[in-house]
Amino acid sequence: MTSRGPGKRVRKAPAERRHEIVAAAAQVGLVEGLECITLRRVADELGVRPGLVGHYFPAADTLVAEAFTAATMADLDTLLPERPDGSGDGSGDDSGDGSGDDFGDGSARAVLRRFFTLMSSAEFDNVSRLWLNARHLSRYRPGLREHVVAQELLWCTRIEKAITAGTESGEFVCADPRAAAVRVLVAIDGASAYINTSAEQRGVPITHLARTVAEAELGLGAGALQPAGAPS
């Protein structure tokens, strides 16, 4: 019987290796929690020595902060992608993510309908947990807090741009898109606060809290931002 020795190690470009490390850490953070991101844990995920991870991230806190940003940025780009023209409202996106034709007419209303429908699905429960986790740890980790604040502002800006586009096109009535975006984001975070304790008991009032807040903020009737045929 013969045995196989270790495979030939492939030397990757520094930028590629760094990206690989952050991506692996982001996945650990999403599934297991930010506290589980350690140099050894990420090294095990990648099948490399902890020293290699430590070469790029001598301080684990730096890796945790960048992993949080990578994970939340990826979800934001899925939920509310920025258009090539920089408008950030995701209009016309038809990426085959299951949103269906109901979201593809390019209007600001369709963009927000898609956003709230995806945001309320179980698929994004892990990112809700990640936000809750990161806000708690931010009290003790200044570097992470800076990343959390930056992502909060970015998420708010993306929502604001979609609201502004709809207000300018006459789809919405909103005197202050920025303030409305802040209140919608607070509603999203408020609903997410229950993710670890009562997810199975969540009903429409909690699951669709952010959507109903947005409808009120934008001068829309109840259910205007829910997908066609969905129960109220």
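Note that the structure is a prediction, hence the values are computed from the model and not measured.
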### Minimum side-chain heavy-atom gap E171-L220 below 4.5 Å
no

### Message
Are the side chains of V22 and H19 in contact, using a 4.5 Å heavy-atom criterion?
### Response
no

### Check: V31 main-chain N/O paired with N126 side-chain donor or acceptor under 3.5 Å
no

### Message
As a quick check of understanding, evaluate side-chain contact (heavy atoms from CB on, under 4.5 Å) for V182 and E160, giving each step before the final call.
### Response
CA-CA 8 Å; V182 169; E160 178 190 6; over 6 Å; no

### Message
Let me confirm one number: the OG-CG distance from S128 to D75, rounded to the nearest 0.5 Å.
### Response
8.5 Å

### Exercise: identify the closest heavy-atom pair between L80 and I159
CD2-N, 3.7 Å

#### Entry: For the student: nearest non-hydrogen atoms of S121 and D125, plus distance
O-OD1, 3.8 Å

#### Entry: Closest non-hydrogen atom pair between S120 and H208, with its separation
OG-CE1, 3.7 Å

#### Entry: Heavy-atom pair of closest approach, residues V148 and A134
CG2-CB, 3.8 Å

### Query
Would L132 and N196 satisfy side-chain contact (heavy atoms from CB on, under 4.5 Å), going step by step from the backbone distance to the final call?
CA-CA 9 Å; L132 196 62; N196 288 333; 3.5 Å; yes

### Query
Given side chains that start at C-beta, do those of R178 and T157 come closer than 4.5 Å, heavy atoms only?
yes

### hydrophobic_cluster_shared for L154 and V111, side chain cutoff 4.5 Å
yes

### Query
Which value, rounded to the nearest 0.5 Å, describes the distance between L144 atom CG and R135 atom CZ?
11.0 Å

#### Entry: CA sep, side-chain torsions, deciding dist, call: L218, L112, side-chain contact (heavy atoms from CB on, under 4.5 Å)
CA-CA 11 Å; L218 304 181; L112 289 184; 3.7 Å; yes

### Message
Using 0.5 Å steps for rounding, measure from the CD atom of Q151 to the CE atom of M73.
### Response
6.0 Å

#### Entry: Side-chain (E82) to main-chain (D77) donor-acceptor, under 3.5 angstrom
no

### Summary
Heavy atoms of A181 and I163 approach each other most closely as N-CD1, 3.9 Å

### Message
Any side-chain to backbone donor/acceptor pair from T212 onto L209? Under 3.5 Å, distance only.
### Response
yes

### Message
Looking at G223, is its backbone amide N or carbonyl O close enough to the side chain of E215 to form a donor-acceptor pair, meaning the two atoms are under 3.5 Å apart?
### Response
yes

### Query
Of all residues at least two apart in sequence or in a different chain, which pass the side-chain contact (heavy atoms from CB on, under 4.5 Å) check with L46?
E20, I21, A24, V42, V48

### Atom pair CG (L76) and OG1 (T69), whose distance is rounded to the nearest 0.5 Å
11.5 Å

### Message
Measuring from atom OG1 of T164 to atom CG of D176, what distance do you get when rounded to the nearest 0.5 angstrom?
### Response
9.0 Å

### Query
Taking atom CZ of R129 and atom CD1 of I195, what is their separation to the nearest 0.5 Å?
4.5 Å

### Message
Looking at P58, is its backbone amide N or carbonyl O close enough to the side chain of T62 to form a donor-acceptor pair, meaning the two atoms are under 3.5 Å apart?
### Response
no

### Task
Run the numbers on L63 and V53 for side-chain contact (heavy atoms from CB on, under 4.5 Å), then give the verdict.
CA-CA 9 Å; L63 178 55; V53 179; 4.1 Å; yes

### Query
Is any side-chain heavy atom of I188 closer than 4.5 Å to a side-chain heavy atom of W131?
no

### Query
Tell me, do E66 and R18 make a side-chain contact under 4.5 Å, heavy atoms counted?
yes

### Task
Can you see which heavy atom on L118 is nearest to which on F124, and at what distance?
O-CD1, 3.0 Å

#### Entry: Charged N-O contact under 4.0 Å between E35 and R41
no

### Student check: side-chain heavy atoms of E217 and R183 closer than 4.5 Å
yes

### Note, H147 side chain near R141 side chain (heavy atom, < 4.5 Å)
no

### Task
Check whether any side-chain N or O of R49 sits under 3.5 Å from a backbone N or O of A43 as a donor-acceptor pair, and report yes or no.
no

### Min side-chain heavy-atom separation R158-F115 under 4.5 Å
no

